[in-house]
> 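Before we start, here is the structure in question, set down as structure tokens.
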Amino acid sequence: MTNQEVAQLLRAVAAAHQLKPGGANTRFRVIAYQRAADAAEHATSELKDVWEQGKLDTIPSFGSSIAGYLDELFKTGSVRHFKTIFAGLPPALFELLQVPGIGVKTAFKLTKKLGIKDASRAIEKLERAAREGKIRTIPGFGEDSEADIIRSIEEIKGRTGRMLLPYANQIADDVVSWLRKHPVVVRADPLGSLRRQVATVGDVDIAVASKKPQEVIEHFTKYPKKTRVLEAGGQTSSLVLPGGAQVDLMVQPPQSYGSLLQHFTGSKHHNIALREFALKHGMSLSEYGIRKIKNQKLKIKNFSSEEEFYKELGLAWIPPELREDAGEIEAALEGKLPKLIDIDNIRGDLHLHSSFPIKTSHDEGMDSFQKMVERAGELGYEYLGFSEHNPSQSGNTKKQILELLKKKKEAIEKINYSRGKSENKRIKKVFNGLEIDIKPDGGLAIPEEGFEFLDYAIVSVHSSFRQNKKEQTKRVITGLSHPKAKILGHPTTRRLNRREGIEFDWEQIFDFCKKHDKWLEINSWFDRLDLPDTLVREAVNHGVKMVINTDSHQLEHMEIMRYGVSVARRGWATETDIVNTWDWTKFSKAFSM
DNA sequence: GCCGTTTTCGGCCCGACTGTTTTCAGTCG
């Protein structure tokens, strides 16, 4: 039973409760189950593990009832109480909820009137009914809602999961520059999960400051690349782009733009927590500003900047990356927000793949040492490290491998020797590293004699992802135990939208890294962003050091450092935690092996 | 069903947009 499956079950219970007659109690019970589902989905450890430790009720939103039901779930595989809740409801109902625009009430009505019962192919059956014109005949539906259902189903068919952050960035840049072409647009900014720099982005959200919202909306709906306009009201509008990406727009006058930024940046959970916090202090929040509850007639107070908005609540301004309802409001209240790192703090990159012909086991880089060193200088770095993949063990003899490693060492030494004469005098040192596969048994994929040619090794898992948690933990700790192994590369090996990360016993890994001063990598690669932000936060709490690397295979990739920095920020990391923010003096001391 | 710096009872975030209505329910973020 995965967290995702638990979340799905809780969401289904919430949906089922929505169909039950009853007053306010039912309404809030629904919300309670939805919150519990969110909590399950966002939990940083496996609920089953938490359950084994008897700590389910320590998770916020899990009270005694839900914790009790989950106890039964993990023990027996099902929950009797939930079965009675689901009694009489067609399984198809929960399938139809996947269609945007269809909620519980609508789904129930549709299953009943169309006679769709089974979960399998429920959406297919709904689509057929819609295309045959059967939906418009149901009371409460019309031709428009029937057409909407068809379009929505087409869209979920073409959907390929959430967008990667850099891709969403590109879309937003394009839409924002289109918006800025219109003279009534004072400001336009991408917000939502993009501004919070979440690894994957669902919808692209954009806010505009303007005194003429109608004209902005009209201009927005004429965006040339749209495939259709989803909605267009007085101050909000949504478009769909080719590929299914959705862009949401919200417009406000400049004097309340701060409130709008705040509202539209989210996250939803942060906003809910913030409004609850405000309510306790006699204030009510919305995207328009702050209202004192005792004085209904008092006009809403506007804010042109977010800083003022948070200040009015008695809080320090909270960086968008922290707005996930993960303790940031309490920290802001107590003045204990972390001093987050910034891209300007980065002083080196230790995971670069050059084109040096080392007959690698995986993909080679495209650019030379020299070019990459120069780029590092332009980026303001003081040090960098080349870590090509280890030479292939099947394609080379042991003797050949040692020869290749020796040659590479000599080439790097030459660069270091001639470096002083180049324009990049600020580069203090180029390190000679290697990214070495951790084999399934924990062994490292070069001969022991090869290590003497290296300054350091990044050790990474590139195969056998399916070992169980215990084996993987042992494997990685064994690999990291080599004295030259300093960094665990892309630790979970996840590829966003492609495969889940490996499961480890993180307590063990963190303890090992802390004790032996090993560093965990935050890999900036587009679909990795690994360590994931939630684990960065845990590593920070354990006092484990991390290094942000790009894993560049060509010059242009060296720019993606910013996404790794975003991951670190989302994990509450400060300069103390991230070793490549350290200046040369401090870093070189820490990096000597 | 959850939760606690006014509370272990009595609250629970706030508003926009749409379609099908004729004042609103449902959905979404």
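Here is the naming used below: chain letters follow the sequence lines, and residue numbers restart at 1 for every chain.
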> Given that A/Q18 and A/I31 both sit by DNA chain B, which one's nearest nucleotide is further toward the 5' end?
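Its nearest nucleotide being more 5', the pick is A/I31.
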
> Taking the P atom of each, how far is B/dC17 from B/dG10, in whole Å?
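Per the computed distance, 38 Å lies between those P atoms.
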
> Rounded to whole angstroms, how far apart are NZ on A/K268 and P on B/dT27?
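Taking atom P of B/dT27 as the reference, NZ of A/K268 is at 14 Å.
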
> Distance between the C1' atoms of B/dC3 and B/dT7, in whole angstroms?
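Going atom to atom, C1' in each nucleotide, I get 10 Å.
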
> Hey, is the side chain of A/T106 poking within less than 4.0 Å of OP1 or OP2 on B/dT27, counting only N and O atoms?
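Looking at the OP1 and OP2 atoms of B/dT27, one of them is under 4.0 Å from a side-chain N or O of A/T106.
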
> Of all the choices, B/dG1, B/dC12, B/dG15, which nucleotide is nearest to the side chain of A/L279 once you look at every atom?
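When the side chain of A/L279 is considered, B/dC12 is the closest of B/dG1, B/dC12, B/dG15.
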
> To the nearest Å, how far apart are A/L230 CG and B/dG19 P?
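So the two atoms are 10 Å apart, to the nearest Å.
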
> Tell me: CD of A/E287 to P of B/dC14, nearest whole Å?
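Rounded to whole Å, this separation is 11 Å.
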
> Which one is paired to B/dT8, where only Watson-Crick or G-U wobble pairs with both distances under 3.5 angstrom count?
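The answer is none; no pair meets the criterion.
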
> Measure CG/A/D144 against P/B/dG26 and give the value in whole Å, please.
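Taking atom P of B/dG26 as the reference, CG of A/D144 is at 19 Å.
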
> In whole angstrom, what separates A/I138's CD1 from B/dG26's P?
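Answer to the nearest Å: 15 Å.
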
> Quick one: CD1 on A/I522 to CG on A/L531, what's the gap to the nearest 0.5 Å?
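So the CD1 of A/I522 and the CG of A/L531 are separated by 6.0 Å.
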
> So, is A/K105 near the phosphate of B/dG26, with a side-chain N or O under 4.0 Å from OP1 or OP2?
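For B/dG26, OP1 or OP2 has a side-chain N or O of A/K105 closer than 4.0 Å.
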
> Using the rule side-chain contact (heavy atoms from CB on, under 4.5 Å), only one of A/D174, A/V229, A/L249 pairs with A/Y223; which is it?
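Per the side-chain contact (heavy atoms from CB on, under 4.5 Å) rule, the option paired with A/Y223 is A/D174, out of A/D174, A/V229, A/L249.
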
> Any base atoms under 4.0 Å from A/A278, or only sugar-phosphate, or nothing? Heavy atoms, all strands.
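The residue A/A278 makes no contact with any strand.
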
> Does the pair A/R228/A/E155 count as a salt bridge with the N-to-O cut at 4.0 Å?
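Judged by the 4.0 Å cut-off on N to carboxylate O distance, A/R228 and A/E155 do form a salt bridge.
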
> Salt bridge or not for A/E95 and A/K125, using N-O below 4.0 Å?
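Not counted as a salt bridge, because no side-chain N and carboxylate O are separated by less than 4.0 Å.
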
> Among B/dA16, B/dT27, B/dT20, which nucleotide has an atom closest to any side-chain atom of A/Q235?
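So the nucleotide nearest the side chain must be B/dA16.
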
> Minimum heavy-atom separation for A/A326 and A/W572, please, with both atom names.
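Taking every non-hydrogen atom into account, O-CZ2, 3.7 Å.
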
> The test is salt bridge (charged side-chain N to carboxylate O under 4.0 Å, His left out); show your working for A/E218 and A/K222 and say whether it passes.
CA-CA 7 Å; A/E218 206 175 301; A/K222 287 180 188 154; 3.8 Å; yes

> Does A/S145 make a side-chain N or O approach to OP1 or OP2 of B/dT20 shorter than 4.0 Å?
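So the side-chain polar atoms of A/S145 do come within 4.0 Å of the phosphate oxygens OP1 or OP2 of B/dT20, strictly under.
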
> Mind checking the C1' distance from B/dC12 to B/dT8? Whole angstroms is fine.
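Per the computed distance, 15 Å lies between those C1' atoms.
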
> Side chain of A/T236: nearest nucleotide among B/dT20, B/dC17, B/dC2?
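In terms of side-chain proximity for A/T236, the closest of B/dT20, B/dC17, B/dC2 is B/dC17.
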
> Of all the nucleotides listed (B/dG15, B/dG29, B/dG1), which has the minimum atom distance to the side chain of A/F28?
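When the side chain of A/F28 is considered, B/dG1 is the closest of B/dG15, B/dG29, B/dG1.
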
> Does the separation of the ring centres of A/Y69 and A/Y33 fall below 6.0 angstrom?
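Judged by ring-centre distance (under 6.0 Å), A/Y69 and A/Y33 do not meet the cut-off.
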
> Would you mind classifying the nucleic acid contact of A/S238 as base, sugar-phosphate or nothing, using non-hydrogen atoms under 4.0 angstrom?
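Here A/S238 touches no strand at all.
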
> Mind checking the C1' distance from B/dT23 to B/dT18? Whole angstroms is fine.
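Nearest-Å result for B/dT23 against B/dT18 at atom C1': 15 Å.
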
> May I ask you to verify if any side-chain N or O of A/Y288 is less than 4.0 angstrom from the OP1 or OP2 atom of B/dA16?
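Checking A/Y288 against B/dA16: at least one side-chain N or O falls below 4.0 Å of OP1 or OP2.
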
> What are the two closest non-hydrogen atoms of A/M250 and A/E287, and how far apart are they?
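Heavy atoms only, the tightest pair is CE-OE2, 3.7 Å.
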
> Using the C1' atom as the point on both nucleotides, what is the distance between B/dC14 and B/dC9, in whole Å?
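It comes out at 25 Å once rounded to the nearest Å.
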
> Base, sugar-phosphate, or nothing for A/I102, non-hydrogen atoms under 4.0 angstrom?
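Touches sugar-phosphate only.
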
> Would A/S210 and A/E215 count as a side-chain hydrogen bond (donor to acceptor under 3.5 Å, both in side chains) here? Give the steps.
CA-CA 9 Å; A/S210 171; A/E215 287 184 35; over 6 Å; no

> Could you list by number each residue of residues 196-204 of chain A showing a heavy-atom separation from DNA chain B of less than 4.0 Å, or answer none if no residue does?
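Correct list: A/D203.
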
> What is the distance, to the nearest angstrom, from the CG atom on A/D38 to the P atom on B/dG1?
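A/D38 atom CG is separated from B/dG1 atom P by 18 Å.
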
> Compare the minimum distances between each of B/dC14, B/dC17, B/dG26 and the side chain of A/E231, then state the nucleotide with the smallest one.
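Looking only at heavy atoms from C-beta outward on A/E231, the closest nucleotide is B/dC17.
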
> Could you state the atom-to-atom distance from CD1 of A/I272 to P of B/dC2 in whole Å?
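Atom-to-atom, A/I272 to B/dC2, this comes out as 17 Å.
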
> Hey, are A/R494 and A/D527 close enough for a salt bridge, meaning a charged N less than 4.0 Å from a carboxylate O?
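Salt bridge flag = no for A/D527 with A/R494.
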
> Applying a 4.0 Å non-hydrogen cut-off, can you work out what A/G266 is touching in the nucleic acid: base, sugar-phosphate, or nothing?
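Counting heavy atoms under 4.0 Å across all strands, no contact is made by A/G266.
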
> Say you draw a straight line from OG of A/S64 to CG of A/L56; how long is it, rounded to the nearest 0.5 Å?
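It comes to 12.0 Å.
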
> Between B/dA16 and B/dT20, how far is it from one P atom to the other, in whole Å?
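Result for the P pair: 22 Å, nearest Å.
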
> Just how far, in rounded Å, is P of B/dC28 from CZ of A/F264?
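One finds 16 Å between P of B/dC28 and CZ of A/F264, rounded.
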
> Under the criterion salt bridge (charged side-chain N to carboxylate O under 4.0 Å, His left out), I'd like the reasoning laid out for A/E503 against A/K48: C-alpha separation, chi angles, the key distance, then a yes or no.
CA-CA 13 Å; A/E503 274 189 41; A/K48 193 163 184 200; over 6 Å; no

> What residues in residues 43-76 of chain A put a non-hydrogen atom under 4.0 Å from any atom of DNA chain B?
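Hits under 4.0 Å, by residue number: A/P60, A/S61, A/F62, A/G63, A/S64, A/S65, A/I66, A/Y69.
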
> Which residue lies toward the 5' end of DNA chain B, A/L285 or A/V104, if each is placed at its nearest nucleotide?
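The 5'-side residue here is A/L285.
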
